[in-house]
Structures are given as structure tokens and as C-alpha cells.
Amino acid sequence: MTSGNRIAIVGAGIAGLASAKVLSREGFPVEVFDRAPDVGGVWSASRRYPGLRTQNSRNTYHFSDFPMPEDYPRVPDGAQMQAYLERYVQQFGLRENLRLGTEVVAADPVDSGWLLEVRDETGIHRTSCDHLVIANGVYSEPAMPEYRGADKFQSAGGYLCHSTDFHDAEWARGRNVVIVGYGQSACDIAEAVSHVAASTTVVARRLLWKLPRKVAPGFDYERLMLTRMGEAHFRYQQLGWFERFLHGGGVSFRDSNFDLLRELATKQTQLRELDLVPDTRFEEIAQSTFSLATEGFYEQVRDGRIFVARDSSITEMFGTPQGPAVQLDTGEHLPADIVVCATGFQQRVPFLTPYIQRQLTDDDGNFRLHRHILPVTVPNLTFAGYNASPVATLSAEVGAHWTAALLNGRIPLPAAEDMAAQVEDRLRWMEAGTAGHHAHGTAVTPFTLHNIDEMLADLHFRLPLRTRLAQWIRPVKPSSYRGLGERKHTGSDKHAPPTEPLYAQPQRPHADHR
């Protein structure tokens, strides 16, 4: 492609905005479509649930060249995060590239690129582009359970919704609330509404391990998930030298560290006293996403403001003379004026034709993407934000540079059959390591730095040795990657930072499957 080719981006969340900024600076005319009235994706006011906050601190959750405002708290809330993304749009002049309140309802491949049907307040229109970037995110299409008796429940005055449609804790004032799920959003919402609701019940089919933000003095969540040392404790597909030690001769050291973290987390959140100890291994805390302990959640459970119905599911909804209610598979009946389903998302792209969708995914719905970006068999198409990680801003930004280099012919790709084989190997490894609980959409947690390293290796971008060494014990700093956007891109690497061998350069004596 040349810099004059038109690019359409679907989604104005973190990945879509990063792609728009990087690609427009590469000279591509860019148009960004989003059905929401504001930017932000999961942070949009149209989707924010009460209690929503970033998992990371403001020191790690920002773009490399645009730090969080100094007056932000250590952990920004959803409104602050959305405001930060609005400032990003303003700072880099992206407003004219945005078409908000405009949904892409169909995208069909044509010889010259893609023909799009978009719907805004004036109706349905057609437009076209040479290349399509799908940045709709892995958290865009709510997955709603189908409950027997839901119509009777709603006729009796019950309110049934997904977490993305529950925006205000005040809706729960004086009401009986049931939240389905035990992930981050379920616990965030439960804690928020428990202060005003008549009763708050969390129906948890499967308990998950949750790590407090600060586990011990000098050790917090970011030390585990955003350092090379912490990441090395989880078994990656290809192992570096220290990882081979941790998963070989040093496995007892690794296991002892996990045992210590499990014990610290258990004591701090009083899981034994509350009968909420999960029956899974602690390292499963990061199978495709990562769950922090919501501040105040377990305290509210202890104080009787939240009840957790563990190992349970809703089997039926109905109306009674006393009001709407639900029945659990334990036989228990619960009054339920509001049922909030924090049940995740369908990882699909509904505006693509079934034929294209079949080319993109396997029989289990797994997206088959090289580097979590490039489909092997569908031309003029890339994905952004499908390498979802705890540092989504940085992952998306590096992914945008990878896409820009691809479109400008600066990334030599493996043969199609080799890429397909690599993708299949990765999917088999993910399936084996997570018992099918990985994100099909996809995600790289807990292997954020590995994924970034692989993209940087393709881009021939070298972090200074002192930075890579610091990342072993200190959480990653997005500003360390600022040079990726500042350097002048040419066919050669004469402008790249100097001289050191890439940490990211993969060593592949064999493929290890966890």
C-alpha cells in the first residue's frame, strides 16, 4: 500500500485511537467509525458500569507519548479514563477523523478493498476503503444467558440487563440485586450497589482467584503482571533462558512463589473465613484475563452486605406475589428486582459476512491471526486490540506501529503456510494451558511483554539494555517505547536505537506447551 490509500477503522476505543494516530502520521487518510456517541470503547459513558476503574496505576496505563494528568489518582475511574482518551484525541488532532454515532453494519470485500454500509442518525450509507482495521475489541458484543421464564420475570417488574447496560448504582437503591458472574465487572458492580441495595447476591458458577492490588509491602499486582520476572512465572509457548530454569530445575522456586502469593491473597481477603477459596491452582489467575480483588468487596461479604452463592447458576426466573425472583440450581429462591449479567462477551465481528468469518476463525471460534493482528487468508484486513493485555494502551500502540510497517512494506512476512502453522500451534498451546478458558478473541494475558517483544523484533526496534534489565524487577514504563513513534521510518534501520541484541529475538529450539 501507499500513503494515499484510505483506511477505515471500526472502533474508537484505545486500539482504534492508537491506530488512527499512528496510521494518520504515516500519511494514510483515516476514518474511524464507532456506534457510541463518544470515544473510549469500554470506557464510553454509554457502557460504563458503577465501580469501573483501571486495573493498572496511571503510571503504567497510558500511551508512550501521552502520560496521564498529574492530578489523576493512582487508579483512575472510568470517567477519568474516558476523559484521558478525549484529551488524546484533542492532543493529536484526531477529531476530524472520527465518525461517532455511526455503526458499521456490513463490510464486504471487493477487488479494491472493502465496501462498507454504515448507519447514523440520518440512515444507512455506503462508503469504501482500501484497508479495514477492526478495532471493535474483545469486549464489545455482550454475551447474555437465556433464562427460562425471563418474560415472566420482566412482566412482574424485574429488570434484566448486561453489565454494560447498568450505568448507575442508584438504580439499585432499596432493591434486591442479583449479579451473575465472578469476574472483575461482577465484583465491581456488587461492591458499588451493596451500599444502597436492599440485598446484593453474586451468583458465581466458578470461583476465581483474585489478587489484591497490594499484596505485601513493596509488592503489588504490577510487580507480578507487568515485570519480566513476574511474567516468567507463567509458562510461555517458547521459553527464554530464565523461563527454562523456572519451569525446569527451578520449578520449586516458582511454585513456592505462587504458594506464597496464594497464601497472602487468601489471608488478606479472608477467603477461608468466607468459604470463598477457589478449587483451582493459583497460577490460573491469569488464563486470558486477570482479576484483581475489588476494594471493599470481601469486606462487604464479611459484613453481610454481599452474599456469594458459590458454585451456582440461575435455572429459572419468575414472578411471585411478592415480586420478581430467580431460582438457583441448588433449589434456592432469591428475590431479584434487578439481575445484572456480568457474563462476558461474544468475541465475533457481526458486520462481516459468514464466509469471511469462517476464514477468520476455527471451528471453536478462535481467531486465527498472525501476531494477533493479521489474518492469514483475508487480504486488506488487520485487527487492533485483539492482543488485549493489562497494558492495553501500550500493546495497542505497538500493534498500530506493526500494522503501519506492514502496510508500508517494512515487515517481511513468513509464507502463508508457515504463518498458518504458527497460528495453529499457538491455539493448541492456549487450549492445553487454559482448558479452553482462553479468550477466543484473542488475548495475550499474562504474556504482555512477550507479545510486545515479538512485534518489536519484527519492527527491528531495540530497547536499551538498561531498560530491559530494569523491566525484570520494575513494572513496564510506556514512555520507554516512545522512540518507536519518534524515529524516522525508512527501509533500513539506521534510525533505530543502537547496537544491542534484541531480548525479543525468539529462541526456538522447540515449542513448549503448557
Side-chain angles (χ1 to χ4, degrees), residues 7-25 30-104 133-140 163-164 167 184-185 188 345 383-401 403-404 443 448 476-479 481-482 484-485:
I7 295 179
I9 300 172
V10 183
I14 286 173
L17 295 178
S19 297
K21 182 246 186 177
V22 170
L23 292 170
S24 62
R25 273 153 181 70
V30 172
E31 199 167 18
V32 184
F33 301 90
D34 199 298
R35 62 191 177 192
D38 57 357
V39 301
V42 296
W43 307 103
S44 164
S46 65
R47 298 186 56 191
R48 285 200 303 268
Y49 59 78
L52 177 63
R53 283 175 171 76
T54 64
Q55 290 191 318
N56 297 15
S57 71
R58 66 182 178 90
N59 299 322
T60 59
Y61 202 71
H62 62 84
F63 295 107
S64 69
D65 53 0
F66 195 64
M68 288 273 184
E70 288 292 335
D71 60 352
Y72 270 27
R74 176 174 172 77
V75 180
D77 63 24
Q80 290 165 328
M81 189 64 204
Q82 197 277 332
Y84 166 77
L85 295 174
E86 286 281 4
R87 294 183 187 184
Y88 184 80
V89 169
Q90 184 68 27
Q91 174 72 20
F92 295 106
L94 301 178
R95 187 71 58 192
E96 64 182 19
N97 302 101
L98 300 178
R99 290 187 61 182
L100 301 177
T102 304
E103 180 180 9
V104 175
V133 177
I134 295 178
N136 67 333
V138 297
Y139 309 114
S140 62
S163 58
T164 56
H167 305 309
Q184 190 75 53
S185 60
D188 287 349
F345 299 84
F383 286 73
Y386 276 48
N387 58 339
S389 81
V391 282
T393 44
L394 181 59
S395 293
E397 189 176 358
V398 176
H401 284 290
T403 296
T448 301
V476 60
K477 293 181 178 180
S479 59
Y481 297 81
R482 184 167 183 165
L484 187 59

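Throughout, numbering of the chain's residues begins at 1 and tracks the sequence. Please read all numbers here as calculations on a predicted model, not as lab measurements.
Looking at Gln82 and Glu86, their side chains do bring a donor and an acceptor atom within 3.5 Å of each other. In summary, the side chains of Tyr386 and Asn136 do present a donor paired with an acceptor at a separation below 3.5 Å, with no hydrogens or angles considered.
Taking every heavy atom of both residues into account, Asp38 and Ala45 meet most closely at OD2-N, 3.1 Å. Residues Ser389 and Ser395 share a closest heavy-atom pair of OG-OG, 2.7 Å. Contact detail for Ala12 and Leu100: the closest heavy-atom pair is CB-CD2, 4.1 Å. Taking every heavy atom of both residues into account, Tyr88 and Leu94 meet most closely at CE2-CD1, 4.1 Å. Contact record, Ala400 with Ser19: CB-CA, 3.8 Å, taken as the closest heavy-atom pair. For the pair Val22 and Ala404, the tightest heavy-atom approach, listed with the atom from each and the gap, is CG1-CB, 4.0 Å.
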Could you walk me through whether Leu98 and Leu17 pass the side chain to side chain contact (heavy atoms under 4.5 Å, CB included) test, one step at a time? CA-CA 9 Å; Leu98 300 178; Leu17 295 178; 4.1 Å; yes

What's the verdict on side chain to side chain contact (heavy atoms under 4.5 Å, CB included) for Gln91 and Phe66, showing C-alpha distance, side-chain angles and the deciding distance? CA-CA 9 Å; Gln91 174 72 20; Phe66 195 64; 3.6 Å; yes

Run the side chain to side chain contact (heavy atoms under 4.5 Å, CB included) test on Ile14 and Tyr61 for me, step by step, so that the C-alpha distance in whole Å, both residues' side-chain angles and the decisive distance to 0.1 Å come before the verdict. CA-CA 11 Å; Ile14 286 173; Tyr61 202 71; 3.4 Å; yes

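For residues 39-58, the set of pairs meeting the salt bridge (charged side-chain N to carboxylate O under 4.0 Å, His left out) definition, not counting sequence neighbours, comprises Arg58-Glu70.
With rounding to the nearest 0.5 Å, the separation of CG in Asn59 from CE in Met68 is 9.5 Å. Leu394 CG to Lys477 NZ: the interatomic distance, rounded to the nearest 0.5 Å, is 13.5 Å. One finds the CG atom of Leu85 at 13.5 Å from the CD atom of Gln90 (value rounded to the nearest 0.5 Å). To the nearest 0.5 angstrom, Asp77 atom CG is 11.5 Å from Asp188 atom CG. For the atom pair CG (Leu52) and CH2 (Trp43), the distance works out to 4.5 Å, reported to the nearest 0.5 Å. To the nearest 0.5 Å, atoms CD (Glu31) and CG (Asn97) are separated by 8.5 Å.
In this structure, Asp65 and Lys21 have side chains that are in contact, with non-hydrogen atoms separated by less than 4.5 Å. Contact annotation: the side chain of Arg87 approaches that of Pro69 to within less than 4.5 Å [non-hydrogen atoms, C-beta and beyond]. Looking only at side-chain heavy atoms (C-beta outward), Pro76 and Tyr84 stay at 4.5 Å or farther from each other. Considering only heavy atoms from C-beta on, Ser46 comes within 4.5 Å of Pro37 through its side chain.
No donor-acceptor pair closer than 3.5 Å links the side chain of Asp34 to the backbone N or O of Val39. The main-chain N or O of Tyr72 is never found under 3.5 Å from a side-chain atom of Gln80 such that the two would form a donor-acceptor pair.
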